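Keep in mind it's a predicted model, so treat the numbers as computed, not measured. Here is the naming used below: chain letters follow the sequence lines, and residue numbers restart at 1 for every chain.
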Amino acid sequence: MSTVVAKDRPRAAVHKFASCDGCQLAFLNLGEDLLLLSSLVEFVHFAEAGLVNPEAPVDIAFVEGSIGTIRDVERIQRVRARSRYLVAIGACATAGGLQALRNLADGQAWIADVYASPGYVESLETSTAVAQHVKVDLELWGCPVNSRQLIAAVRALLFGVVPLEEHDKVCMECKRAQVVCVMVAQGLPCMGPVTRTGCGALCPSFGRDCYACYGPAENPNTEALGRRLEGLGIAPAAIGRRFLAINNGAPPFTEAGLRRVHGHD
Amino acid sequence: METGFLPRGRFQELLAVLHRSGYRCLGPQVRDGAIVYAAISVAEDLPRGARDHQAAGHYRIEQTASPRYFGWANGPQALKPLVFAPQEVLWRARRQADGGLELHQEMPPAERLAVIGVRACDLAALALQDRHFLGAAGDDPHYAARRAELFLVAVHCSDPSDVCFCVSTGDGPQASSGFDLALCELDSGFIVESGSDRGAVVAAELKLEAVGADARAAAARQADAARTRQHRSLPGRDLRAVLFANLEHPRWGEVAGRCLACGNCTSVCPTCFCHASVETPALDGGASVHARAWDSCFSQGHSYIHGLTVRSDTRTRYRQWLTHKLGSWHGQFGRSGCVGCGRCISWCPVGIDITEEAAAVCTGAADE
Ligand code: SF4
Ligand code: SF4
Ligand code: SF4
């Protein structure tokens, strides 16, 4: 492996907003390739890896996490202003994350229920995707994203080409892996037909139903899938909750979920 | 050519002869709730007593006390994944010091593979894939390599499923060509016929018994029953003219409301051959792996040309699938692309039925 450090390496930053930090592990889990990667790009800010310089201008900014506080709203503007190419990584950054469930409820009431001194918690009423605040050049979906996605994006940017968007349905990957369909053969409420590829059909290959952690695929027919899940005997509210899970903030899922949870069209 | 009778208790000898001739044997097995092909070494590996219950969007296996190994119709796989791999590396490129590229073609491992339990529809589909991949434009090397050493042991269908309609397409339920050996399974054993020289060699080694009059009569009754049991059909063998005369039929929009555009139908269809090219460069940019992977006319990328997606909605994607499969295949291959296996009906997560959709568009009959 050649780890000759390129002279004018593009500079990169990894910023964290409201998130569990899991997507950043897709970098840290690269192993030996992490050395190669840092010979190709210079990480100037990556707090989880011990590099702290959040205000440095960079060529590529990876943003993990959703926008959930008033400080986040200001900080994402500064990140955008200092970055040539902004890549949102993971369900929080692309759809607001699990924490976007508060957008559909009384978030302040939840805070009051959970915390002894709710006055110390300064959260916005909503948790939103990065693209709702600034221009995002590329979104990598998934909860969490994986190393393969990150490498493909970085490599494309280094080549100077637009990274390919992966947005086919999980079913395509599922069939390429020759997995027996869990919906047809077991009647499980699989979300694969409306969900974006990227995971390699991980759940169906272990005999369970996809729970949509990669967000909506292109051209998703949530209505037809919802009807099918009803046909499997699942109650409308339960179907709604399958849409309102990790990617509840992605518009096709928000709409499909609310329609079933509240039972109106 | 009829060659003789193999009593049930001697089935293992067929596997033994094939193994001795250097073949690895693949046979049907129940895995994850369906019949799939997997390596077998002994007759006990076969799905004895298994029955499949298929309906639109539905597949279940029931275990019965029947002694039969092949008393089911089919599973999600045909021969397609064995010859046109779902994803395979075609070549690798490496950047040289002088800026040139070194290319290395990657070939599938050469092996002799015997597949036990192949159906008439699978053979008809294989003949179509042969025409595509081994066509006038030259052989596809990867397909050709996998195809060359395939030894096919067909089984005439005794128990078509509820979604089978090979009688309507003229492709089954009896295998008539394209096999090395064909078996007719009876409770007592198998009537074996050979369909090729190498099939005849294997049959000769088996020292088959004469076929009794009772066995012959039972086989004929079974074949008739299999034929009459099918109740689905297409509205005709050549639907090219009527399909293309109905490109604006309202049914296309209606089916688009039900269709997930998920590509399960095209993936399980034994004749569909569309693929995408997938380039995976190494992180250091010095090498790249070029693979092909099954694609589908239901994906966005399938109709993407620079800056434009020709078929951006499900209406036009479903219409592409049906008008190609049942229409323009005639111009390309001299017949329809459907062999009546019913897989696209069972394995469609929402149970869309190609025979119903074709009827609705071609006859205008409202079927609600
Ligand atoms: S198991 Fe799920 S992802 Fe796989 S083909 Fe079936 S519906 Fe699609
Ligand atoms: S179109 Fe459907 S029934 Fe016809 S060959 Fe393909 S999968 Fe089988
Ligand atoms: S017809 Fe069925 S299997 Fe085919 S794309 Fe539509 S929903 Fe998927």
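In this structure, B:P86 and A:R176 approach most closely via the heavy-atom pair CB-O, 3.2 Å. Heavy atoms only, all atoms of each residue included: B:G57 and A:R228 are closest at O-NH2, 3.2 Å. In plain terms, the two heavy atoms of A:N221 and B:G257 that are nearest each other are ND2-O, 3.2 Å. In this structure, B:W294 and A:M172 approach most closely via the heavy-atom pair O-CE, 3.9 Å.
Taking B:V36, B:T266, B:V350, B:L283 one by one and counting their heavy-atom pairs under 4.5 Å with chain A, the maximum is reached by B:L283. Counting heavy-atom pairs under 4.5 Å between each of B:P76, B:S267, B:G285, B:P281 and chain A puts B:G285 at the top. For the set B:A34, B:A55, B:G75, B:S299, the count of heavy-atom pairs under 4.5 angstrom toward chain A peaks at B:S299. Interface remark: of the candidates B:G33, B:A282, B:P349, B:G263, B:P349 forms the most heavy-atom pairs closer than 4.5 Å to chain A.
Remark: B:H324 engages B:W329 in a ring-ring contact (aromatic ring centres under 6.0 Å, His included) (not counting sequence neighbours). Residues passing the ring-ring contact (aromatic ring centres under 6.0 Å, His included) test with A:Y211: none are found, sequence neighbours excluded.
Between A:M183 atom CE and B:L260 atom CG the span is 6.5 Å, to the nearest 0.5 Å. Between the CH2 atom in B:W347 and the NZ atom in A:K175 there is a gap of 6.5 Å [rounded to 0.5 Å]. Rounding to the nearest 0.5 angstrom, the gap separating the CG atom in B:N264 from the SG atom in A:C174 is 7.0 Å.
Annotation: residues 154-163 of chain A contacts chain B through A:R155, A:F159 [non-hydrogen atoms, separation under 4.5 Å].
Considering A:H167, A:E165, A:E218 as possible partners of B:Q300, the one that fulfils the side-chain hydrogen bond (donor to acceptor under 3.5 Å, both in side chains) test is A:H167.
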In residues 241-250 of chain A, what donor-acceptor pairs under 3.5 Å come from side-chain atoms, sequence neighbours left out?
| from | atom 1 | to | atom 2 | distance (Å) |
| --- | --- | --- | --- | --- |
| A:R242 | NE | A:P189 | O | 3.0 |
| A:R242 | NH2 | A:P189 | O | 2.9 |
| A:R242 | NH2 | A:D209 | OD2 | 2.8 |
| A:R242 | NH2 | A:C210 | O | 3.2 |
| A:N247 | ND2 | A:A212 | O | 3.0 |
| A:N247 | ND2 | A:C213 | O | 3.1 |
| A:N248 | OD1 | A:L101 | N | 3.4 |
| A:N248 | ND2 | A:G97 | O | 3.3 |
| A:N248 | ND2 | A:A245 | O | 2.8 |

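Heavy-atom contacts from other residues, nucleotides or ligands closer than 6.0 Å to CZ of A:R84 number 12 or fewer.
Residue B:S312 touches chain A through its backbone alone, counting heavy-atom pairs closer than 4.5 Å. Looking at A:R227, the atoms closer than 4.5 Å to chain B (heavy atoms on both sides) all sit in the side chain, from C-beta outward. Proximity to chain A involves both the backbone and the side chain of B:D295, based on heavy atoms less than 4.5 angstrom apart. Contact of A:L164 with chain B is not made at all, since no heavy-atom distance falls under 4.5 Å.
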**Report entry** B:R317 vs A:N219, side chain to side chain contact (heavy atoms under 4.5 Å, CB included): CA-CA, chis, key distance, verdict
**Finding:** CA-CA 11 Å; B:R317 294 183 196 174; A:N219 187 23; 3.4 Å; yes
